[in-house]
Amino acid sequence: MSTPTTTTATDHAAMEHATTEHAATERASSDSATAERTTAEQAQLMREQILQMGTGPDGTHVGGSLSSADLLTVLYQEVLRLRPEEPDWPDRDRFILSKGHASAALYAALSARGFLPAEELAEYGTSGSRLAGHPLRRLPGVEFPTGSLGHGLSLGVGTALALRRTGRSGRAYVLMGDGELQEGSVWEAAMSAAHLRLGGLTAIVDRNRLQITGDTEERMGLEPLAGKWRSFGWQVLTVDGHDLDALRAAFAALPGPTGQPVVIIADTVKGKGVPLFENKKKSHSVKLSPNLHRRALAGLRARSRRQS
Amino acid sequence: MSTPTTTTATDHAAMEHATTEHAATERASSDSATAERTTAEQAQLMREQILQMGTGPDGTHVGGSLSSADLLTVLYQEVLRLRPEEPDWPDRDRFILSKGHASAALYAALSARGFLPAEELAEYGTSGSRLAGHPLRRLPGVEFPTGSLGHGLSLGVGTALALRRTGRSGRAYVLMGDGELQEGSVWEAAMSAAHLRLGGLTAIVDRNRLQITGDTEERMGLEPLAGKWRSFGWQVLTVDGHDLDALRAAFAALPGPTGQPVVIIADTVKGKGVPLFENKKKSHSVKLSPNLHRRALAGLRARSRRQS
Amino acid sequence: MTDWQERYATATRDVYRATLLDIAKSDTRVFCVDTDMGGLEDGFEAELPDQYVNVGIAEANLMGVSAGLAAEGLLPFANTIASFAATRACEQVKVDIAGNALPVRIVGTHGGFSAGHYGPTHHAVEDVAIMRSLPNLTVLVPADAAETEYAVRALADTEQLPGPVYLRLGRKATPLVHRGPYTFRIGQADLLRPGRDVTLVASGPVPVAESVAAAELLAGRGIAARVLNLHTVKPLDAEAVLSAARETAGLVTVEDHLVTGGLGGAVAELTAAHHPCRVHRIGVPDGFHDQVGTETELLARAGVTAPAIAGAAEEVMRERN
Amino acid sequence: MTDWQERYATATRDVYRATLLDIAKSDTRVFCVDTDMGGLEDGFEAELPDQYVNVGIAEANLMGVSAGLAAEGLLPFANTIASFAATRACEQVKVDIAGNALPVRIVGTHGGFSAGHYGPTHHAVEDVAIMRSLPNLTVLVPADAAETEYAVRALADTEQLPGPVYLRLGRKATPLVHRGPYTFRIGQADLLRPGRDVTLVASGPVPVAESVAAAELLAGRGIAARVLNLHTVKPLDAEAVLSAARETAGLVTVEDHLVTGGLGGAVAELTAAHHPCRVHRIGVPDGFHDQVGTETELLARAGVTAPAIAGAAEEVMRERN
Ligand SMILES: Cc1ncc(C[n+]2csc(CCOP(=O)(O)OP(=O)(O)O)c2C)c(N)n1
Ligand SMILES: Cc1ncc(C[n+]2csc(CCOP(=O)(O)OP(=O)(O)O)c2C)c(N)n1
Ligand SMILES: [Mg+2]
Ligand SMILES: [Mg+2]
C-alpha cells in the first residue's frame, strides 16, 4: 500500500479518522478483507457497465468515466455514509459529481450501492430514462444536477457550510476533472472554502491529464497543480487514483469541519483499464458499436486477468 | 531607490528594457531629472483632482483611486507610449483599468497626458459628462469600458495576443484591485496568459489590502498572493506601490512578447496621501462635502509638505 | 408627513436590509450571503454573525454557495448588484438555483438605471428579461420602500414561496406609492387607480410614480386611465392584464428596463395569445446606455415620464378608434 | 439526391466548421477561439495554427479574449456551447462584446434541445431571449446546413456586419429546407411558402421543417398557410411580420426555445405595438426540462410538431372569426 503524499503541514488535531468507520456502519459488508476484494471487483464491474452504457444511443463519456472508476468505487463502497433506502437521510455524506459528463460511472456506483436497480443501467441515454448524459437531480442519490463544468465546488462550499451550521455530521465530496480546473468558478470556490476553513469539504481531482482537445499541459497547462491548490489555501494529498489502498488512506486522513480543506489529486489514466482507450483523447466521448464494444470489453477483461 | 523583488527566475534573454525609453520618445519632457520631479508632482496633482472629483454629485471611489495614484502617474508619465493627438495610434501601449471604479484617477492621468482638458474633470459624474463613475469607451484613451470587476485581464490577453499576431510593438497593461482577484475570471485569464506566454501583457495589482467590507485577509484571504500568481505561471515583482523609483524599475524589467508574463504586485495604502482616508475601509466610496473636502485637502497638502 | 411616509422615505435597498435583519432574528434559517456589497456587514453581520457569510467578490460562487445552503434547508438571501445577478452569475442562477427550484432569494440592488452615473456596467436593464427566461423563478420589482418591506417579509414564507425569487431593488429613495398599509400579494397586480379608457401597466419605482402622474394628466384631459402596479413580473397576473385588455382601449407598459423581454414583453405575449390589443411599450430602447445622469434623468431620456406616458395612452386610444 | 442535398445532409455544426476554415484561408483576420470544444483542433488548428487559440475550458475568458482580439482588428469566432455563451459568459458578452459593438462572432452549438440526452445543463432554450436583450447583437438561427454556410460567409463581411453576432447552431443533421441555392439576407425573412389565410413564423431546424409540414397538412384542409423562416431573430424583419399580421388571420410562432422572450416574444411585441393580432406561440414551456430524449422527441413533447402547429393555425383562424 502506498500512502498519500501529504504536501502541506496538516492540522492533525482537527482530523477525524472516523470516515471509513462511519461508512462501515451504514454498509452491509463490514469485514475489511471482504470489502477490499469486493471493492476491486466492483470497480471492474463498474468499468464493464460504463462500456455497456457507451453502447447507448449516443454513446457516453467513456474516458473520464473509466479514469474515475476506482475512486468512485472506493467512495461509494467504503467511504460515503449513505442510506439507499432513505436518500435524503439528513446525516448522509453529500457527493457532487462536478464533472457531470462522467455520469455513467456515477450511475454504476449508485446501482452498486443500491440506489438503482442494475438493470436500469441499460436505459442509459434512452428516451424516457432517468439516466441522462449528465446526472439529473430527480435521480435518488444525486444531490445536484451537473454537466456544466465548474459548478460543483461552490455547491460543495454551500453544502459544507450548511452542514457545519446545522451541526450535521455528513461531509461533502466534490469530484472534478483536471480540465475543469480551467474554469475560474472553481478558484472562487476554492478560495472561499479555504478562507471559511471548510474541513468538511473534500475536493477530488481526476488528474488524467487529458481534456477534449488533448494533453492538458499542451492545451492549457495546469502545473504546478498542487502548488495552485496550496496557494489557494488547501492541503494537498497526491495519490495514485487507481491504487485502492492509497485512495482509502487519503479518505481516512480528512480534517474535521473547521480544518483546512483537503484536495485529493488523484493521478489517473483516462480510459483506464481498456487498452484501446487508455491515454487517448478520443476516448473522451465514444459511441461503442457492437464491434468496438466487443473489443473494448475483451481488452478490459484481459487486463484484469493479467493483474489478478 | 528600492529595487523590485524578483520572486521567480526570469527569462532575462526575453527581456527588453526599452519600455521607458520608448515612452520618452512619445513624451515632450525627455530630461529624466525633470521627469522625476514632474512625476511626483503629477501624482500630488492627481490626488488633489481625485479629492475634487469626490465632491461631485455622488462622490467617487476615493480610497482605491488614491492607492493607484502613484503607479498610474508613473505609467502615464513615463511608461505608456501614447499619442494623445492620435488616441488610436496602432503602435500605442494599451492600458486597461480593470478596477474601473478608480476612474477618477484614470481621468486625472488622461488629463495630465493631454487626452482631456483639465477643466473637464470638474464635470465628473454630472449629467451629460463623459466622465462616468466607471470609464466609458467613447472617452479618448479608454480602451474598454470597465466597472464590473474581473474583466480586464481577459481583455488584456486578447489585446496582447492580437498585438503579437499583428506584429505591433505596443504592450498591454491591466490594473486590478486586490479584492478583484477574488473573481474567478481573473484566474482564467491568468492561466491562459501564462500558457500562451504573453510577455507583452503586464498585470498590476493594487495591493491595498482593503475591499469594501474590510481587510482582504479577514474577508477573503488572498495570501500567499505572490504564490498564487507564481503557481499560475507568472513572474512576480513585488514593489512598494508608492515608491516611484521602485515602480520605474519594475516597468523597466518587462519581458518581450513571448516571455513569461509579469505581474507587479504593488503594495499600497488605500486612501494614500490623505490621513483621513488612509487604510480606512470607509474611504472606498466617499461623497466629499465642502467641509470634508477642505479637511482632506489640508491633510494631503500637509503630508506632502512634510515629505518634500 | 405621516408615520408611513417618514418610515418609508428611504431607498428600497435600505428597507430591505432592515427587514432582512428583522426577519432573520426570529427565523434562524435566514442566511445572508454577501459578495462584499458594503453595508450588510455593519448591520446584519454585526448583529447576527452566525447567519452571515461573505463569499468574496465572486458572484458565481455566491449563487452556487446559496444553492448549497438552500438544499440543506437554510433560506439564503444572495446579495449582489442586479446586473451581476442576471449576467455575471446567470448560469449558476439557471442551473443551480432555478433549475432545482431551491428557495434562494436573489437580491439585486442597482436595478434599472438606479446606479445613475456609475455607467453601463452597473445598469441593469436586461435583468428582468433574463430572469424571466429562467425556470421556476418569481420575479419581484417593488415600487417603493414600503412594498419592499412587504415583499421581503413574504419571501420568508417558504410555504407560499417554496421556489427561488429574484428581488430587484434600487439604490436611492424614490417616491411612495401608497399613503398607508395596503394589501400586497405576490402574483397579484396592485390596482392603483381604476379607469375604463386605457390602462397603464407599470413596474419599478420611477415607472409606477410616473404612471400615476400620467393618469393625473390624463384625468385632466377627461381620460380615465387605469393604473396597475405589476410588482410581480413573473408570474404575471394574467387576469388583471387581460381584464384591462378587454375593458380598456389598450395598454401602455412602463418599466425601467428594456422595452423588449421584460414587463412589456410579458404583457405583449399574454395579450397577443388571448386578447390581442394595442400594447405600447415605454422603457429603455435597445443599445448600450453609456450616458451620465441620475436615474430619473436617464429614464426621462428613455421616455419614462408622465407626459410621454400620457401621450402614448392617447395614441393607443386614437389607434383603437 | 441532388448535389445540394448531398452536400448539406449534415449538421449545422459541421458545415460551420468547414466554412470557417474555408473563409479563414483567404481572410487572415479570421481567428478561431476555442474552449476545448473538440473538433476545431483537428480541422482548423491543424491547417491554420496561427489563426487558432485555445483559451481553456473558460467561457468568460473566451468572450473577454475575443473582445480584445476584435478591438485590434481581428475577426474572432468565439466557440462554445449555446447555453454557455448565453448564460455562463453572459456578462462578458454584454459588456465586452455587445456593449462595444465589436465584430465578434459568437458561435454556440447545441442550440435548443439539440444536445438531446445530455440533459438540461446542455440545453439552450433561453439563449435567444438572453442574446436578444443584449445591445447591438445580431441573432442568427439558421434552419439547416445550407443556411449555415450562407450565414457564416455573411459573417466574414464586416462592412455589412460591423457589430457582434450570435450564431446558434445544432449538433446533428437536420432536414434541408431548400432544394437548391436561394437568396439569404441577414435581417430578411425567408418566405418559404406564400399564403393568405394564416402565417407560420418559425426559426431553427426542427421548427422550420415542422412548419413546412404543417402547411402541407393545412393545404390538405383547404387552408393556405404562409410560412416564414425567421433565421434572423434580431433584428426582426418587421415588414414581413407586420405584412403577415395585416394580410392573414393571425400568426403561429414556432421555435426550439422557450415560448417567452425569443422569436414568439419578439413577434408578439412587434404586432402588439403596430398591428395587434393573435399570436399563438409554440415552443418550449417554462420549466427545467430534465427529460431524456432526442431533439425531436423533446420538441415533440413541447408541441413542436406539424399536427400541433396546424391545429394552432386553425385555432387562430377560428378565433379571428
Ligand atoms: C462549462 C463547460 N464548458 C465546456 C464543457 C464541455 N466539456 C465537457 S467535458 C470537457 C472536458 C473536460 O475535461 P476534464 O475536466 O479533464 O474531464 P475528464 O478528462 O475527466 O473527462 C469539456 C470541455 C462543459 N461541459 N461545461
Ligand atoms: C463584478 C463586480 N462585483 C462587485 C463589484 C462592486 N465593487 C466595486 S469596488 C469593490 C471592491 C473592490 O476591491 P478592490 O479590488 O480591492 O479595489 P480597491 O481596494 O483598489 O478599491 C466591489 C466589491 C463590482 N464593481 N464588480
Ligand atoms: Mg481530464
Ligand atoms: Mg483593495
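Order of the sequence lines sets the chain letters (A, B, ...), proteins ahead of strands, with each chain counted from 1. Note: hydrogens, waters and symmetry copies are ignored here, and every other heavy atom, side chains too, is used.
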Inset, instruction - Could you list which of residues 125-141 of chain B have a heavy atom closer than 4.5 Å to any heavy atom of chain D, in residue-number order? - result: B/R137

Inset, instruction - Name the member of B/M191, B/H195, B/R168 that forms the most heavy-atom pairs with chain D at distances under 4.5 Å. - result: B/R168

Inset, instruction - Measure the acute angle between the ring planes of B/F251 and B/Y173, then classify it against the limits of 30° and 60° as parallel, tilted or perpendicular. - result: perpendicular

Inset, instruction - With a 4.5 angstrom heavy-atom cut-off, could you sort out which part of B/L196 is near chain D: side chain, backbone, both or neither? - result: side chain

Inset, instruction - Select one option (side chain, backbone, both, neither) describing which atoms of D/E59 are under 4.5 Å from chain B's heavy atoms. - result: backbone

Legend entry - B/D93 and B/R171 ion-paired at < 4.0 Å: no

Legend entry - Plane angle bin for B/W229 and B/W234 - parallel if under 30°, tilted between 30 and 60°, otherwise perpendicular: perpendicular

Inset, instruction - Please name the residue in the list D/L74, D/L69, D/V107 that meets the side-chain contact (heavy atoms from CB on, under 4.5 Å) test with D/V33. - result: D/L69

Legend entry - Aromatic ring pairing B/F232/B/W187, orientation class (parallel under 30°, perpendicular over 60°, tilted between): tilted

Inset, instruction - Salt-bridge test for D/E47 and D/K25: reply yes if a basic N is under 4.0 Å from a carboxylate O, no otherwise. - result: yes

Legend entry - Rounded distance [0.5 Å steps], OG1 in D/T12 versus CD in D/E147: 10.5 Å

Inset, instruction - Find the one option among D/G68, D/A67, D/A70 whose heavy-atom pairs under 4.5 Å with chain B are most numerous. - result: D/G68

Inset, instruction - On the 0 to 90° scale, with breaks at 30° and 60°, tag the D/H122-D/F84 ring pair as parallel, tilted or perpendicular. - result: perpendicular

Legend entry - Heavy-atom proximity to chain B below 4.5 Å, by part of D/L62: neither

